[in-house]
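Everything on this sheet refers to the single structure shown next.
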Amino acid sequence: MKKKAAIPEHDYLRTHKRFPSVWCPGCGIGTVLGAIIRAVQALNLSKDEVALLSGIGCTGRMPVYVDFNTMHTTHGRALAFATGLKLARPDMEIIVVMGDGDALAIGGNHFIHAARRNVELTAIVVNNRIYGMTGGQVSPTTPTGERGLTAPFGQIEQAFDIARMAEAAGASFVARSTTYHAMELDRLIARGIEKRGFSVIEVLTQCPVSYGELNQAGDAVEMLKWFRDNTTPVGDRAAPGKIPRGVLVDRELPGYVETYQKLIASARKRARA
Amino acid sequence: MKKKAAIPEHDYLRTHKRFPSVWCPGCGIGTVLGAIIRAVQALNLSKDEVALLSGIGCTGRMPVYVDFNTMHTTHGRALAFATGLKLARPDMEIIVVMGDGDALAIGGNHFIHAARRNVELTAIVVNNRIYGMTGGQVSPTTPTGERGLTAPFGQIEQAFDIARMAEAAGASFVARSTTYHAMELDRLIARGIEKRGFSVIEVLTQCPVSYGELNQAGDAVEMLKWFRDNTTPVGDRAAPGKIPRGVLVDRELPGYVETYQKLIASARKRARA
Amino acid sequence: MSDPLVPRHGQPKARLMQGNVAIAEGALAAGLGFFAAYPITPANEIATVLSRALPRRGGVFIQMEDEIASLSAVIGASFGRLKAATATSGPGFSLMQESIGYAAAVEIPCVIIDVQRAGPSTGMPGAPAQGDVMQARWGTHGDHPIIVLSPSYVREAYELTIHAFNLSEEYRTPVILLTDEVLGRMSERVELPLPQVQVQQRHHPEVPPEWYFPFDNEAGDVPPLISFGHGYRYHVTGLYHDKAGFPTGRKDEIDDWQDRLFRKIDNNVERIARIEMEEMDDAEAAIVAYGSTARGARHAMKEARQQGKAVGLVRLVTLWPFHYAAMASIGRSVRRLIVAEMNRGQMLGEVERAVKGEAQVVGVNRTDGEMISPSQLLEALE
Amino acid sequence: MSDPLVPRHGQPKARLMQGNVAIAEGALAAGLGFFAAYPITPANEIATVLSRALPRRGGVFIQMEDEIASLSAVIGASFGRLKAATATSGPGFSLMQESIGYAAAVEIPCVIIDVQRAGPSTGMPGAPAQGDVMQARWGTHGDHPIIVLSPSYVREAYELTIHAFNLSEEYRTPVILLTDEVLGRMSERVELPLPQVQVQQRHHPEVPPEWYFPFDNEAGDVPPLISFGHGYRYHVTGLYHDKAGFPTGRKDEIDDWQDRLFRKIDNNVERIARIEMEEMDDAEAAIVAYGSTARGARHAMKEARQQGKAVGLVRLVTLWPFHYAAMASIGRSVRRLIVAEMNRGQMLGEVERAVKGEAQVVGVNRTDGEMISPSQLLEALE
Amino acid sequence: MAVHRGNGRARKARSALLDEEPDKVVLYHDWCKRCGICVAFCPRKALTTDEAGYPQLSASSQCNSCGLCEVLCPDFAVTVPARRRPARSRAKTKKQT
Amino acid sequence: MAVHRGNGRARKARSALLDEEPDKVVLYHDWCKRCGICVAFCPRKALTTDEAGYPQLSASSQCNSCGLCEVLCPDFAVTVPARRRPARSRAKTKKQT
Amino acid sequence: MKNKRWEVRLVGQGGQGLGLAGTVLAEAAIEDGNNAVINHFFGAQKRGGPSQADVIISTDEIDYPKVLQPDVLVIFSEEAFEECHQHLPEHGLVVVDTSHVRRALGGFPLVTAVPLSKLSEEATGSSLSANIVALGLVAERTKMVSRRALSQALRKLSPAGGLHANQTALKRGMEIAESLRTGGGGSGFGV
Amino acid sequence: MKNKRWEVRLVGQGGQGLGLAGTVLAEAAIEDGNNAVINHFFGAQKRGGPSQADVIISTDEIDYPKVLQPDVLVIFSEEAFEECHQHLPEHGLVVVDTSHVRRALGGFPLVTAVPLSKLSEEATGSSLSANIVALGLVAERTKMVSRRALSQALRKLSPAGGLHANQTALKRGMEIAESLRTGGGGSGFGV
Ligand SMILES: Cc1ncc(C[n+]2csc(CCOP(=O)(O)OP(=O)(O)O)c2C)c(N)n1
Ligand SMILES: Cc1ncc(C[n+]2csc(CCOP(=O)(O)OP(=O)(O)O)c2C)c(N)n1
Ligand code: SF4
Ligand code: SF4
Ligand code: SF4
Ligand code: SF4
Ligand code: SF4
Ligand code: SF4
Ligand SMILES: [Mg+2]
Ligand SMILES: [Mg+2]
């Protein structure tokens, strides 16, 4: 796999023995990985200065494939690990990729607290609206009425609006896109990385197997078409029922690590005085 | 303590050996308890049909004093215990009282998920903006800049807006008041109990010891004056900088238990068919 | 939903059943009314079955936001009078530890199913292990008693699930059903349901509310428990508490409570701890095993017997409380004990402790996600 | 913040110091750069001191949203090259169990301080206990090795905290400092800081990135560890992994890794396990104790000696790994071992296991939130 | 003034002796923690603090039984027997669950 | 058509033989999982599915190197060498932390 | 059936219905009044990854629930063949689906080469019943389950609308077994 | 000082400065080159609840860190007296602050009754230094710490602006001790 020029993404992949990936045919997680790589490239970041952390799930398997500093943590806690790492290494760009269950079920608390502290991390939620890895149980983002292994009669709970939660909790930057909009996705991720403070990018992603099969949503192609047809750029008033894509929140709030460094500086000054 | 007529709240108290309470002089938690009792009285609920659950903290000590079905659970998890109890006993009114740390630090995830499911519980957050029981560490609601045992140079994190979080997560009813406004508080709690779905009542409460002393906020009387002077009814445009009090969210959303009961009915019908 | 569900039984029929399904069916047979869990391999099938079956019976299935919430909800539901359970595997079991201690301290009946997978940490989610045996005993902080059962066969998974619910009511205690990936995911022939199911209902108080103390020693070591909302208003706390359930710092009250808490299990080890022995009368060596490992052990024992070797089998059905006295006498009756476990030697320590050097105690262990094979055991028996 | 902080030492001076403060000071002396915790009695003073001291030294103190997040952040920071620690008590320690297993599995140095309080569950937050001893060994799912130290004196709390950091780097493992409410909250005379502090820095690889495997057996049982961002890009996972850190299902790779994981501790029990013996030469009975209980034991031993009784003291400074061989030979040298613990008999089981009936082993226990008094021990020595 | 304590019976505070309508406000010294809230916020300045720090109804004629002292007291140590209870004793509108 | 597999080297798919500009799109059969996404969404209908289910560039002249197939492929199994990379290779604006 | 423990292993890829085939076999054994155990394994990849169904049938109790040494091994895919061709059992029946395993089997004298998928396609119009063809073949060759029990289990477990095709496939498999027996066993059937 | 272990217990209510008094005593012992341990306990209630400071001073190592049988017990409040009057130590010095403990002490012949708070108020204008009055009394009576060490510790630990009052209180306490010694010990000082 040394044909480097051909596909620049390959430069970033751990091609040796790791491919093809464990993901099912048509699974969109790999598409998100591609977008992350392109964002990193676009920002001219070196592989050494990037860390990619994940929790547990199909999404959690992502870091293994890419040649950054990578860590597959525990289920739901990736943002807490990342907070520690970022405080130790403020110079590194830390991207945290999580499934919807990982980020918002078991990990919901770390999600809102990372947002509240506005830690300078880029959190990417691969929202396939299901627990892929464990076979298709409903997640906190499964739309009401949809089926899952644990909702044979249809989900009776409301779904979280990830973006609203992130905003209410205090994130600096919140965006949404889909795997169909892969070309816009890498730009949003790049903006998230660039943003001071906590950035959240929700990516609607097809899980043709665990979600698709239980919900007769068709194969990967059908699911991508659904993303294409049911989302629209933010502010598009012509399509009121559709899911908005793009930057939903972008505001200036002090980042945690930056503030902490100021605290260190002033505490030291005071200690000397 | 049998002079029942004199103070009807006493009827509801476990007067025997339990008083005076463990709370510090001037601590506002008892005032919240009084408001809860008045709300229960106003709704003519019997003691048997009310359960009062709490997590751990000074606030967590509340249930011991009142003659309902009472449970002092673990730190942060009271809403999860309450969800199980409510599903087993839909006929009971379940009130869950939590400190700000209990509800929003360690318990933040259960809080947003109870709101998302819109479980028919009444959650009262006694927000003294500090960890009272453990001596005054900062909590997720400690205002930026304020001091705590663990923020000797002042809190550098943003505070959660409890009401916004509850709303973003899906609660049916959200209100805010203070211990100074004890007469309005009982009415808000009563409305919360009456509401189908998840109700949140945030009560700004004085902790003259752990919070007050670390922040030179004065004694209980001073802190109550602050609540009086720095809050205003919702919608009061004349006082823009002040904290709004009153009902912040009141909307019709299906309650979890109600929906579950419908699910049972239809699953049974289907099973018979 | 507030009444306990009636137990389920019926005409037995030979069928192929998966171990996890047998646990779900056993729970329904015992009258399960509430199940809260968080998905995890290899326990998922239990939730899948119950999410469909429970609402049909008027019971409640809820997928919670994590394992901590799951067990917390289970405890809440049990105070609401439903028979309640959760199921998980290692990582989730670790997260439940605080709540397990709470359940033990407030003496609330409930059943926790741990379908063990290879660990530590994420380990190998699809591979079996028996690495949570000591954790099941000691995983939560502070001393507490616990009952842990471990089935070896699918039919036994069904029966022990019922038994777990019964013990939890009889002794007012959380009971852990510790099974493993092999048994959880294999299917085998069973004849089920049982035509008759013995179900232990909760001991309710016979006294009026004024005389009721939910943690009282007077009424015996297992005080009756009435659930919330029945006119017996009381307090529940994880703090050290007096007989009424109120927090206490009085040494005498603390001792009364703690002594009873342990006494109710320790004094009944004989009744609770099931050990099955086979071919032990003349055995010179015995294999000690439990869970799915005991199946390989039985296979090996039979083969050894065919080869004319005096080998017996000691199968631990109850892991905790551990029956030290019984194991000591087993130790005195043989020359050698082979303790076979899919871990690095957990029960081995207890056997050694019980046997006090009277027999040679040897561990046969593996933790690479594979079962211990009969030939591995035969080798150890050489 | 990214460089490890320099260890702190200075002119010793007699002063009154609280046990928890000594732990915080010891951590700073060892070069602590990151501390994340969630408040809990009776560990709070550690955080209070560090929240002020760390930023002054350029280090990081962060109060996380819970204990799970605290230990997770600690692990993250340690991968970022800072010496990192957290502190808690029973309920928080229970919640940390999943992350402890992760730390052990990925072999990341860190220190976890558990100031034990009376349990189970919420128990008695302001009262001491030693109920988490077995939990410290077995609290997480799956087999894993661990090092656990237990100080008895305030000065020792300081020194063992430094030692805990050193061991964690030397063996690439989480180390638990298991102390208790008595020692945590009492103050006593110490002469600190130490004029000289021995600090173990992380073993960094000497090979170029292409040849670096963070979980390799070749480089010895403790492979060097380079932190993130230094050009050695590798993968970390709690799944069973190969020498490069990638998930594996290959039995040989799993065995290589697991065997090494245990070997690095098991082969060094002699070096890691500190046992202090006093008056044991001619002792007919000995008290085995650790933590603050060992102070009462020493008091009792001295009093017994004054009464002319041949009593010795065995103080366990390291609780895990347990030195079975040493305890066995102690067992052979005396007639009677009194194991004194503020729990219902946890180390008692290990002593029994080691001693194999060669000496009489008796537990002296209490769990009502009071220390075991010298007179209680003298009585047991009758 | 002696500290009231111990036997758990509600007593009239000494203030009762000072004024003509002492029962308008009943103070339970056993439970009172002398925080001063009732005194500070009585809209009619009917309460004052005695030398031991306990509240006393020193101007009962001023008191209009508004009940504020009762609801603000965190320790259930004040009662205003004539306080108007909220009208809302209508039958419970139970959640339809 | 034979299944390509095994040796980990990128190969031109058979499609390369079908057309005049085969290198416009490079397909890595080793990694391809035959999900059909690239074929379905090629805006120019330049890709089709071969009998084994793999994509092939059957109308290379149609292809305008838009790169959509590359970015949509979840398995890094398609490359469009001439794809215009985003202009944005400006120096990294690093977070000031 | 004599007192015997049969071990059957079916290996291939996800989607080839090996779980179903194994379950049918196990159910048939139960129908016959025998004991049966089935284990079905997947890899980490949910779709398109390896799949393996192990069935144990015995007149006696089945204690050890894993295959010790398969009496019957059916290989449905090239990937699976690559995986296990180095340790094929030396006794017993090894069937390779030559519709998928394209490599020359000359070096494997003990292998019974049968184009299962092709036969399925010919018989039922779809290669999806290759699993059932194999079942017929194995059952008929080994007699580990009775015909009656097998067809009963097939009826019970076939998906709605799929029964007929499965029955045809089963019959075809039995015929093949017959022809192997008469025509002489061993390698090289219809490749 | 001879080889001796002194145990001192101060009991009263939160806010009476018992922790400070105990710490001053312990620091003084360290100043003298001896060992010292201090334990300070509160009840569950943070303010207005019981407070207790236990100090152990020894020329030897201090192993058991809790008070076994106090040599000195000072009782600062009525609540504390109620709590412990039934098991007052029979040997050693028991001081009761009669400014707070109003009950008649006739039944307690071994008690030294001293109006500590009143003395403090008289000497310093505030009752807040009763703790230090007690310290002076105890130190002078027992000689467990030297005067020099005590005043040094007091200087080190007194809050800003509080040193002078504390010094005055200490002196007053010592005088009282003196007068007790000369005037004959036992109960009934200036009540
Ligand atoms: C503590 C814990 N609980 C449960 C699990 C099991 N588990 C693994 S992945 C997962 C959820 C996967 O869903 P999601 O986070 O949405 O990721 P996806 O697989 O859909 O990408 C769960 C519950 C676990 N590994 N750890
Ligand atoms: C798992 C766990 N972690 C920590 C604690 C310690 N703890 C007790 S109360 C408390 C927080 C109290 O703050 P809050 O919830 O705001 O209640 P308050 O005391 O202010 O009413 C903490 C951290 C605990 N009991 N359990
Ligand atoms: S189960 Fe779903 S999320 Fe997981 S790899 Fe398959 S398609 Fe992707
Ligand atoms: S510490 Fe604060 S919250 Fe706790 S009882 Fe005292 S005043 Fe109330
Ligand atoms: S408000 Fe209550 S506790 Fe406070 S002074 Fe008044 S009566 Fe006493
Ligand atoms: S009832 Fe109102 S007016 Fe009367 S004393 Fe109380 S607060 Fe004052
Ligand atoms: S580059 Fe564009 S036009 Fe060319 S094959 Fe790919 S998708 Fe089609
Ligand atoms: S999108 Fe990728 S994996 Fe899917 S068919 Fe095209 S090349 Fe193959
Ligand atoms: Mg998902
Ligand atoms: Mg609080």
Side-chain angles (χ1 to χ4, degrees), chain B residues 1-3 5-10 13 15-17 19-21 23-35 37-38 41-46 49 65 86 90-91 93 120 179-180 182-183 185-187 190 193-197 206 208 219-222 224-225 228 255 257-258 261, chain E residues 3-12 22-43 47 49 53-55 65-97:
Chain B
M1 280 295 152
K2 286 277 162 200
K3 225 182 161 189
I7 173 163
E9 279 86 338
H10 284 196
L13 296 176
T15 50
H16 176 66
K17 281 204 314 181
F19 283 85
S21 71
W23 297 309
C24 307
C27 173
I29 299 174
T31 313
V32 181
L33 174 56
I37 292 174
R38 291 194 302 279
Q41 283 178 319
L43 295 173
N44 277 335
L45 296 172
S46 81
E49 64 188 321
Y65 299 108
K86 180 70 184 179
D91 54 318
E93 289 302 340
E120 293 89 336
T179 41
Y180 177 78
M183 299 248 194
L185 181 58
D186 53 25
R187 289 196 306 272
I193 294 173
E194 281 186 309
K195 182 76 190 176
R196 299 175 189 201
Q206 75 276 19
D219 62 5
V221 169
E222 286 309 307
L224 285 172
K225 284 186 182 154
R228 180 189 65 197
V257 178
E258 189 180 345
Q261 286 180 318
Chain E
V3 177
H4 289 307
R5 75 147 47 168
N7 68 4
R9 207 160 40 74
R11 312 182 181 204
K12 290 178 205 167
D23 280 346
K24 255 181 156 172
V25 173
V26 185
L27 294 155
Y28 296 74
H29 279 195
D30 288 7
W31 293 6
C32 171
K33 291 180 185 148
R34 296 179 277 185
C35 67
I37 290 175
C38 53
V39 176
F41 294 105
C42 168
L47 296 167
T49 304
Y54 290 93
S65 296
C66 72
L68 195 63
C69 51
E70 181 181 316
V71 300
L72 285 183
C73 170
D75 287 287
F76 303 95
V78 201
T79 302
V80 184
R83 169 164 87 88
R84 253 191 276 104
R85 306 291 153 193
R88 155 102 155 275
S89 69
R90 58 179 156 105
K92 183 194 163 198
T93 343
K94 249 180 70 179
K95 273 181 209 171
Q96 200 51 67
T97 43

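Below, chain A is the first sequence line, B the second, and so on; all start at residue 1.
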Which atom names give the shortest non-hydrogen contact between [X] and [Y], and what distance separates them?
X: E:Lys33; Y: B:Pro20; value: CE-CB, 4.1 Å
X: E:Pro74; Y: B:Cys27; value: CB-O, 3.0 Å
X: E:Ala40; Y: B:Val221; value: CB-CG1, 3.4 Å

Under 4.5 Å heavy-atom distance to chain E, tell me which part of B:Leu33 shows up: side chain, backbone, both or neither.
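Both parts, backbone and side chain.
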So for B:Ser21, is it side chain, backbone, both, or neither that comes closer than 4.5 Å to the heavy atoms of chain E?
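B:Ser21 touches chain E through backbone and side-chain heavy atoms alike.
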Nearest 0.5 angstrom please: E:Tyr28 OH to B:Phe19 CZ, how far?
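It is 12.0 Å, given to the nearest 0.5 Å.
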Once rounded to the nearest 0.5 Å, what's the spacing between atom CZ of E:Phe76 and atom CD1 of B:Ile37?
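Reported to 0.5 Å precision, the distance equals 4.5 Å.
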Going by side-chain contact (heavy atoms from CB on, under 4.5 Å), name the residues that satisfy it together with E:Thr49, two or more places apart in sequence or in a different chain.
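E:Val39.
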Do you know which of E:Leu72, E:Asp75, E:Ile37, E:Val71 has the most heavy-atom pairs with chain B at a distance under 4.5 angstrom?
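Highest number of heavy-atom pairs under 4.5 Å: E:Val71.
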Can you list everything that forms a ring pair (Phe, Tyr, Trp, His ring centres under 6.0 Å) with B:Tyr180? Sequence neighbours excluded, please.
E:Phe41
